Amino acid sequence: MPKPIRKAVFPVAGLGTRFLPATKAVPKEMLTIVDKPVIQYAVDEALAAGIETLIFVTGRNKGVIEDHFDMAYELEATLRERNKASAMEILNAQLPTAGNALFTRQQAPLGLGHAVWCARDIVGDEPFAVLLPDMLMSGDPGALRQMVDVYNRSGGNIVSLSRCDPDETHQYGIVSKGEDFGTHFEITGMVEKPKAGTAPSNYYINGRYILDSKIMTLLGEQKAGAGGEIQLTDSMLTLMGQLPFFGTPFAGETYDCGSKLGFLRANIALGLKDSELGPELAEITKRLLAESQS
Ligand code: G1P
């Protein structure tokens, strides 16, 4: 059995410029999908996969993320006084174990690879997970759980994959497929945001990674790549020459909440799936559609 995956890194330093003015004072990770902030979905997914230590790489103006994962004494005291047991339960369910949520800062927006590298001392020398909270992964079991199940059999490094339209490959990290093992396949190459018409496949890295800690040394030496940023994909490509690398297609739905349309799609889709809100929301959606088409 390979070493267990106990730590997860959440890069949450991004400025969220695509969502201005909503993200002027509120971090994009705190925007709401139905009734939870985006970041909470990724944290819940990590905890369900057995992650013990949550490592947030934050930046300026992200303090509210820290507050979200802290106990809110005044709120709890008021809820207790008013006998709001179900609201208390919701709060308790999302509270990490004391000492298990750690925060470090990426001081300048130098890229995803640099953000992950900022967590190197906390990660230490054990394999770890990375979850990009913008990508909301809806599946049962969750995306990271699916990956951990593969990892326990295969070891090595693993990225979760989804498929996109061929004309969208320039937005993502794209992999080349090697030998197929059923639940996962060998990765023989990867490229960050390939130019139109040059992508080796339409399998894109959907924002979930299980990585050997050796990646941290490579990230420390990594030169800027696509977009002038230090890219995680570039260091993974180097690591691929040294250690096994697998891709596992995610069985579930991927919502890119970093784009306005993806964010709206996630709200509608998860709202429709919600047992309390779903039926009425379906009626509302139908009515709105009919109105917009008349
Ligand atoms: C990052 C990664 C990319 C991945 C994508 C998923 O890009 O660099 O490989 O496919 O996340 O969302 P970004 O969205 O930060 O540009």
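Each ligand, and each atom within it, is numbered from 1 in the order the structure gives. Keep in mind it's a predicted model, so treat the numbers as computed, not measured.
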Give a yes/no on ligand 1: does K193 have at least one heavy atom closer than 4.0 angstrom to it?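 In this structure, K193 qualifies as a contact of ligand 1 - some heavy atom is under 4.0 Å.
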
Answer yes or no for I205: is there a heavy-atom contact with ligand 1 below 4.0 Å?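 In this structure, I205 qualifies as a contact of ligand 1 - some heavy atom is under 4.0 Å.
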
Considering non-hydrogen atoms of the protein only, which is the closest contact for atom 8 (O) of ligand 1, and what is the distance?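 It is E192 OE2, 2.8 Å.
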
Atom 11 (O) of ligand 1: which protein heavy atom is closest, and how many Å away?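 Result for atom 11 (O) of ligand 1: L132 CD1, 3.3 Å.
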
Shortest non-hydrogen contact between F56 and A101, atoms and distance: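 For F56 and A101, the tightest heavy-atom pair comes out as CE1-CB, 4.1 Å.
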
Please give me the minimum heavy-atom distance between E45 and L144, naming the atom from each residue.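 Answer, listing the atom of E45 first, then L144: OE2-N, 3.0 Å.
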
Are side-chain N/O atoms of D125 and S213 paired as donor and acceptor at under 3.5 Å?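 No pair is found: no donor N or O on one side chain lies under 3.5 Å from an acceptor on the other.
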
Counting only non-hydrogen atoms of the protein, does one fall under 4.0 Å from atom 15 (O) of ligand 1?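 For atom 15 (O) of ligand 1 the answer is no, since every protein heavy atom stays at 4.0 Å or beyond.
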
If the cut-off is 4.0 Å to any non-hydrogen atom of [X], which atoms of ligand 1 fall inside it?
| X | answer |
| --- | --- |
| T233 | 9 (O) |
| Q231 | 8 (O) |
| M135 | 12 (O) |
| G173 | 3 (C), 4 (C), 9 (O), 10 (O) |

Validation row: M236, I205 side chains within 4.5 angstrom (heavy atoms):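 Yes; the side chains approach each other to less than 4.5 Å.
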
Contact check, side chains of T188 and E186, non-hydrogen atoms, under 4.5 Å: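 When only atoms from C-beta onward are counted, E186 and T188 do touch, with a gap below 4.5 Å.
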
May I ask you to decide if G173's main-chain N or O and T233's side chain share a donor-acceptor pair within less than 3.5 Å?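 Not a single qualifying donor-acceptor pair exists.
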
Is it possible for you to check whether K36 lies under 6.0 Å from the centre of the six-membered ring of Y41, through NZ or CZ, and within 45° of that ring's axis?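 Satisfied, under 6.0 Å and within 45°.
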
